[in-house]
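Here's the structure, in structure tokens; my notes come after.
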Amino acid sequence: MGKDKAETIFKKLAKAVVLGDTEVAEEGAQEALTEGISPYDAVIRGLAEGMKTVGEKYEQKEYFLPEMLLSADAMYAGLNILTPHIKSKDKMKGKIVLGVVEGDIHDIGKNIVKTMLTAAGYEVIDLGRDVPAAEFVKKAKAEGAQVIAMSTLMTPTLMSMKSVEDKLDHEGLKDKVKTIIGGGSVSEEWRDNIGSDAFGKDALEAVDKIKVLINSIMAAAEAMKKEEKRENSERHQD
Amino acid sequence: MKDTKIEVVFQPHGNRSEFPPGTTIMEAAKKLGVDISSLCGGKGTCGKCKVKVQEGTEGLNPPTERELKHLSQEELQSALRLACETKLTLPSIIFVPERSRIGRQRLQTEGLKVPIKPNPLARKYHVELQPPTLHDAKSDEDRLLQALDEKHGLSGLVVDYELVKNLPIILRDAGWNVSAAIFMNSIIAVESGDTTDRCFGFAVDVGSTKLAGFLMDLNTGKVVAVAARMNPQIPLGEDVLSRITYAMINGPSALNELHQAVVSGINEMIHECCNKANVKTEEIYDLSFVGNTAMQMLFLNLWPQYTALSPYPPVLRRGIDVPASKLGLHSHQRANAHYVPVIGGFVGSDSVADLMAVDMLHSKNFIMDIDIGTNTEIAIGNKDLTMIASCASGPAFEGMEVKYGMRASTGAIEKISIEPDTLETHFRTIEDAKPIGICGSGLIDAPAELLKAGVIDTTGRFSKKIAKETRRVRKTQQGWYEYIIAFKNESGIDTDITITQADIRELQKAKAAMRAGAEILLKRMSRTKDDITKLFVAGAFGNYIDPESARTIGMYPEVPLEKTQFVGNTAGTGSRMCLISKEMREYAEKISSSVRYYELAVDPDFQSEYIKATFLPHKDLNRQPIVAEMLRKLERTE
């Protein structure tokens, strides 16, 4: 019983996102709660699946900005209902601090990335636009974020990204906080130039690369914990 | 050893020279003056510099990541490479295919002619002086000044120090029969005899992409010669922001490099005009310049860094007079260079010039003026209040980011029409040459015609149904649709010329920006499109745009065609007006200080207006009743 019902609701949520139907997305979200389906599953297997399809259609130029935003609206509508019910341990997928760098105010692209990351289950702290380098680092530290994601459309503002890298380096945070950059004027070459950890050529690639970055940090953290445990038990044996 | 130079030959040009191994094909071409298209300025991002390596392939670096983005397997196998990414190490022969050549660019210099009374700031006066005697031994300078006062009523004049030094010799060599050239209240030249009919000035439109120069007779106020050039700064940065970044990263010497680049283009135009009109460069006493704020900074060597970053404050708003020699301009050694004031942000003197040409500030009626380019400026209002905003429409209308996009030059498809029922497609190219790409005006016709023919819908998406019904629609390598405008056998580049789904998306973005800007300004002025009594469309290729196509895709608010006037290069017109008239310089100052600059980026409605404007013609068809009606008739709306 439960499995079929769950599948139907997941499909309903996904379709609502693909069609940008806010009402149906909200309906589906409510149904999931009423039927006792895990709200986390409803997000990942319903809303996020829909957003994945939307991302692919956008990449194929079949969907354009209006469709993208409509779908995002539907997704956020569903999320608003489901997120309060998600247990905190489920939320531990990762935290990302996101923004458009200082000097630039073009944020449509950044908003699309935010949507895709939220759909993928990450917690996104959106600092908005024209964000000073110090603020990226300060917020990442305060929130314990694993990734700082920066965007810019213009060329003169590329230097702001370097400022963030320099600050992280200065504070010895380079292996605790990873960085990813993107935007109209950004390139793999620039990433290499300033030492960012990843470059995302579009929203889809950004999400994929962020997944990898966060996994590597979490794996490193796990490995360290294990190492500490082993050392502690060894010490106790003496 | 390793220092042996290698010989590189370019075909079909025939230019050849020796270069150190490791030189890129692009670098070699530049040194030889061989024209290879370089829309992105050599960064490897535009893919327009494809060349065929006929000899020396064994010595090339393997194709770079950037090259692989632009070259298909087939192309790589036929030794096609990107000139900017390929380094030569062996003697080589490089063939530059037709499609990668810049060719003769169509440089638009024509514009609205606005008749005004000449009242130049540089003028000449003839005097015959009485030589000094024992009863009249006043100084040479006083003698000259007194004569000018007595004969022409001129007082309060000063004589430039450099001129004073040679004054005694000039006066006596001329037999005391001289003409004085005066700029404002300063005597800048004293010449032998009556040379009052030889008083010239040079007006320039300093465009980011194209420079236009006008040699004018200051006595008559008439243009005596015209010239145009591509802006020589382009190799240092395709768009103004890249050029500013180049300066930011490399410092004042890079800014100076940019300054000298544009000055060299201007000097070339000066010489060309002087040759055409039989005028000496020393007979040019005043020059006027118009350009956007970025061009102002790069031309005048003003540090541009902070203007390029939010909140984009200009360095200098008011007009400025600089000795032309200080800027390296080839005119009289004491000639004056006047830079027309800017308005705010990146909205510069080209917009001031535009508003002068359409006389916005004297208009009782509510008018809209759109100056289309990589940046589009939109001004609306009348004598009581005028607001102006700038939108980044992007370079799609110049052909960048479009698969077969190109600048307007020989072989560019400039006009397209598609018959809705049969999909029979007609096009016209510049100089009727075989088509090698599509330029701005063609890129506006394309989505309009495709929409009317039902090949794309109002969201801009290709129709899957139509795709099945015609051989003109097929899938690209990347998996989305494209429409064949010119088949391989009709084209000059041995391949079909198409417009793709991705191209349509770029064009949607470009026109959405300017449409959103126009709609926001109307909103802020509490007006609607019905209040617009006249719509002026200015800009580089404005005169070539088909007004119906522009209306069909919703480039600007829907205004009846009778109320729309295309005014061409108004920046040039304004520059000429400022050159020959003191009143116009004052008017420019007034425009600069009273027009309200509006920052669209902080407007809360911009994003939603932008999204709505991506639709063709607009998401809200109530704003486009004429086009809506047409689409209904063709059964294109749901």
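The shown structure was predicted, so the numbers you read here are calculated from the model rather than taken from an experiment.
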Hey, what do you get for CE (Met248(B)) to OG1 (Thr157(A)), rounding to the nearest 0.5 Å?
8.0 Å
Contact class of Arg461(B) relative to chain A, heavy atoms under 4.5 angstrom:
side chain
Check whether more than 12 heavy atoms from other residues, nucleotides or ligands sit under 6.0 Å from atom NZ of Lys95(A), and answer yes or no.
yes
Which bit of Tyr610(B) is near chain A, if near means a heavy-atom gap under 4.5 Å: side chain, backbone, both or neither?
side chain
If you count heavy atoms of other groups shown closer than 6.0 angstrom to NZ of Lys174(A), is the number above 12?
yes
Closest approach of Thr245(B) and Pro156(A), non-hydrogen atoms and distance?
OG1-N, 3.1 Å
Rounded distance (nearest 0.5 Å) linking atom CG of Asn111(A) with atom CD of Gln607(B):
5.5 Å
If I measure from the heavy atoms of chain A, does Phe462(B) come under 4.5 Å with its side chain, its backbone, both, or neither?
neither
Select, from Glu65(B), Lys619(B), Arg66(B), the one with the greatest count of heavy-atom pairs under 4.5 Å involving chain A.
Arg66(B)
Please report the closest heavy-atom contact between Arg129(A) and Val602(B), naming both atoms and the distance.
NH2-CA, 3.8 Å
Hey, which residues of residues 49-82 of chain A are touching chain B, say heavy atoms under 4.5 Å apart?
Glu59(A), Gln60(A), Lys61(A), Glu62(A), Tyr63(A), Phe64(A), Leu65(A), Pro66(A), Glu67(A), Leu69(A)
When rounded to the nearest 0.5 angstrom, what is the spacing between CZ in Phe606(B) and CD1 in Ile108(A)?
7.0 Å
For the atom pair OG (Ser160(A)) and CG (Leu309(B)), what is the distance rounded to the nearest 0.5 Å?
6.5 Å
Most contacts with chain A, counted as non-hydrogen pairs under 4.5 angstrom, among Ala512(B), Ala502(B), Gly460(B):
Ala502(B)
If one checks every heavy atom of Lys464(B) against chain A at 4.5 Å, the contacting part turns out to be side chain
